[in-house]
Amino acid sequence: MKFVNEIYEGLAYVGVNDRKTTLFEKYIPISNGVSYNSYLFLDDKTCLMDTVEFDFTREFLANIKDALAGRNLDYLVVQHMEPDHCAAIEEVLLRYPDLTIVSNLAVFKMLGQFFGFEIKNKLVVKENDTLDLGKHMLKFILAPFVHWPEVMFTYEATTGTLFTADAFGSFGALSGNLFYDEVNEPNYLNEARRYYTNIVGKYGQNVLNAFKKLEGLELNYLCPLHGYLWRNDFSAILNMYKKLASYEAIDKEVVLIYASMYGNTEEAANILANMLAKKGLKNIKAYDVSLTDKTYLISEIFRVSHVVFLAPTYNNAMYPNLNSLLVQMENLNVSNKTFAIVENGTWCATCGKILASYLENLRNSIILESKVTIKSSLSDSNIDELDTLAEALKASIEE
């Protein structure tokens, strides 16, 4: 079944939808699949923008053939060499052997690594080089480490279209509608944030560098390689990206992340959340680190200004699921956060010290001094200490 839509005259959508995959990159849970977006210019010259994941090649090739309507394919622009976007290149070449692959030197090096064959016709482009298709002129903008080193964007000036590789993408398969303004999906920006923070989050400065290159360009369409396209007003996604890339909290709020084997540390989390609510804080969120996938927790940590970790000591060390989250936070360059610590231990409460050693390594991190130490279960003094911690959090959020 072909899924070809016209974006505007001269540009067709020829991407595919994947509702089979439940773990993106084999570790990120996705409940509604993902799209692999590809675009085809139908001008004096025809030009395909990226390909798709290999398992969907047959459908993809049918889309291309339908959109070309008997014409030949002249160019293939490769913006990103991750296999969910480049895996079908060889199959495209088998059907259109005379096409010219257009990309930068880093991409051509990776093409050799992935496919091991020589490209017959290739056009190597550099920063601000152009490709004339007829009515449309493509301009190439290098965007290294957004989020691989070879990434580039492509800008079409007459329509104000920016092809953004993995930037501005999101999880979720498409169901006919291509544009975000055509759907009512309140959770979509949350999924776009989870996509960004877990995949691109480490490279905030590189994202900001790419933004600088876009200054002065008229933008009417954003065409990412995953998720909905954007047109007219896309300030929501741009503003979110700028904040996330700057490691700036979107919301001045608090999230509680706890580990609890037998319910005692969970009880502390619930009591602290209740205390915060009574002090007037809103939109408090609490998550069990053993039940909530860490990709959702990473997204929430990027979103908020304040994070409280509550954890038991485990084998004289850190609870394993929480340890994994802390390592990922460091890997993704979490920065500019205020943290609080509640530790628990029956004979040796050491996890607070270990927690602090992780958090201190994060750039511009603040750890509130009001640490609470529980010995097995909550005591009356712990209740008073939790209240003091709640006051400290409230004061910090209201600064």
Side-chain angles (χ1 to χ4, degrees), residues 15 25 36-41 43 45-54 57 60 64 72-134 136-157 161-169 199-200 202-217 222-226 245:
E25 297 185 347
Y36 307 118
N37 298 344
S38 177
Y39 309 91
L40 180 61
F41 277 104
D43 204 331
K45 296 289 186 179
T46 58
C47 181
L48 182 66
M49 307 296 296
D50 296 294
T51 71
V52 302
E53 205 275 341
F54 186 79
T57 299
F60 177 56
I64 295 170
N72 194 31
L73 182 59
D74 297 306
Y75 295 108
L76 165 60
V77 172
V78 180
Q79 300 181 108
H80 182 25
M81 275 299 297
E82 205 164 1
D84 54 338
H85 306 300
C86 79
I89 289 176
E90 186 172 12
E91 294 300 317
V92 172
L93 281 171
L94 286 172
R95 285 154 182 79
Y96 306 98
D98 295 326
L99 74 77
T100 297
I101 294 184
V102 182
S103 200
N104 59 70
L105 279 173
V107 163
F108 282 111
K109 180 180 177 181
M110 289 185 183
L111 273 166
Q113 293 171 185
F114 274 106
F115 295 106
F117 57 77
E118 285 295 320
I119 304 299
K120 176 183 172 184
N121 301 314
K122 65 182 180 182
L123 175 61
V124 179
V125 295
K126 303 183 296 298
E127 186 80 52
N128 294 325
D129 280 356
T130 58
L131 177 64
D132 188 354
L133 301 179
H136 303 92
M137 179 76 74
L138 304 185
K139 177 182 177 181
F140 303 104
I141 301 167
L142 301 184
F145 286 103
V146 184
H147 59 119
W148 277 25
E150 85 300 354
V151 170
M152 68 181 189
F153 297 166
T154 304
Y155 178 66
E156 202 293 299
T161 304
L162 184 68
F163 299 90
T164 61
D166 270 346
F168 311 121
I199 294 173
V200 191
K202 182 183 182 72
Y203 302 106
Q205 186 57 55
N206 302 86
V207 174
L208 294 177
N209 293 342
F211 267 112
K212 289 179 183 176
K213 294 183 179 184
L214 305 181
E215 291 176 359
L217 297 182
L222 295 180
C223 296
L225 289 178
H226 295 294

Peer 1: State, to 0.1 Å, how close Val78 and Ser103 come at their nearest heavy-atom pair, and which atoms those are.
Peer 2: O-OG, 2.5 Å

Peer 1: Between Asn37 (side chain) and Pro224 (backbone), is there a donor-acceptor pair under 3.5 Å?
Peer 2: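 Judged by distance alone, yes, a pair lies under 3.5 Å.
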
Peer 1: Side chains of His80 and Asp50: is there a donor and an acceptor less than 3.5 Å apart?
Peer 2: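 The answer is no; no qualifying pair exists.
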
Peer 1: Does Asp43 use its side chain to pair, donor to acceptor, with the backbone of His136 at less than 3.5 Å?
Peer 2: yes

Peer 1: Is there side-chain contact between Leu73 and Leu40, with at least one heavy-atom pair below 4.5 Å?
Peer 2: yes

Peer 1: Between Asn209 and Phe145, is any pair of side-chain heavy atoms under 4.5 Å apart?
Peer 2: no

Peer 1: How long is the gap from CG on Leu225 to OG1 on Thr51, to the nearest 0.5 Å?
Peer 2: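 It comes to 9.5 Å.
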
Peer 1: State whether the side chain of Thr154 and the backbone N or O of Phe163 hold a donor-acceptor pair below 3.5 Å, judged by distance alone.
Peer 2: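 No; judged by distance alone, with no hydrogens or angles, the pair does not exist.
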
Peer 1: Can you tell me if Tyr96 uses its side chain to pair, donor with acceptor, with the backbone of Tyr75 under 3.5 Å?
Peer 2: no

Peer 1: When you compare the side chain of Leu138 with that of Val102, does any pair of heavy atoms fall below 4.5 Å?
Peer 2: no

Peer 1: Nearest 0.5 Å please: distance from the CG atom of Leu94 over to the CD1 atom of Ile89.
Peer 2: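 Going from the CG atom of Leu94 to the CD1 atom of Ile89 covers 12.0 Å.
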
Peer 1: Do the side-chain N and O atoms of His147 and Glu82 include a donor-acceptor pair separated by under 3.5 angstrom?
Peer 2: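 Glu82 and His147 do have a side-chain donor-acceptor pair below 3.5 Å.
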
Peer 1: Any side-chain heavy-atom pair from Tyr36 and His226 closer than 4.5 angstrom?
Peer 2: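 Sidechains of His226 and Tyr36: in contact.
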
Peer 1: Between Val92 and Phe60, is the side-chain contact (heavy atoms from CB on, under 4.5 Å) condition met? List the steps.
Peer 2: CA-CA 9 Å; Val92 172; Phe60 177 56; 3.9 Å; yes

Peer 1: Between Val52 and Ser38, which heavy-atom pair has the shortest distance, and what is it?
Peer 2: CG1-CB, 4.4 Å

Peer 1: Kindly indicate whether the side chain of Thr161, heavy atoms from C-beta on, has any atom under 4.5 Å from the side chain of Phe41.
Peer 2: no

Peer 1: Using atom types as modelled, flag every donor-acceptor pair under 3.5 Å from a side chain in residues 106-120 to any protein atom, sequence neighbours excluded.
Peer 2:
{"residue": "Lys120", "atom": "NZ", "partner": "Asp98", "partner atom": "OD1", "Å": "3.2"}

Peer 1: Nearest 0.5 Å, please: how far is CZ in Phe153 from CG in Asp166?
Peer 2: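 Going from CG on Asp166 over to CZ on Phe153, the span is 9.5 Å.
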
Peer 1: If we ignore hydrogens and angles and just use 3.5 Å, is the side chain of Asp132 paired with the main-chain N or O of Met137 as donor and acceptor?
Peer 2: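 A pair under 3.5 Å: no.
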
Peer 1: With no hydrogens and no angle check, is any side-chain donor or acceptor of Lys213 less than 3.5 Å from a backbone partner on Ala143?
Peer 2: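 Pair absent, no side-chain N/O of Lys213 close to backbone of Ala143.
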
Peer 1: Taking atom CZ of Phe54 and atom CG of Asp84, what is their separation to the nearest 0.5 Å?
Peer 2: 14.5 Å

Peer 1: Would you check if the side chain of Thr46 reaches a backbone N or O of Asp74 as a donor-acceptor pair within less than 3.5 Å?
Peer 2: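 A pair under 3.5 Å: yes.
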
Peer 1: So, taking the atom named CG in Asn104 and the one named CD in Gln79, what distance separates them when rounded to the nearest 0.5 Å?
Peer 2: 10.0 Å

Peer 1: Could you tell me whether the side chain of Val125 reaches within less than 4.5 Å of the side chain of Met152, counting heavy atoms only?
Peer 2: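 The answer is yes, as the side chains (C-beta and beyond) meet within the 4.5 Å cut-off.
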
Peer 1: Does a side-chain heavy-atom distance below 4.5 Å link Leu93 with Ile101?
Peer 2: yes

Peer 1: So Leu217 and Ile141, side-chain contact (heavy atoms from CB on, under 4.5 Å) or not? Walk me through it.
Peer 2: CA-CA 12 Å; Leu217 297 182; Ile141 301 167; 3.9 Å; yes

Peer 1: Can you measure from NE2 (His85) to CD (Glu53) and round to the nearest 0.5 angstrom?
Peer 2: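 The distance works out to 10.0 Å.
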
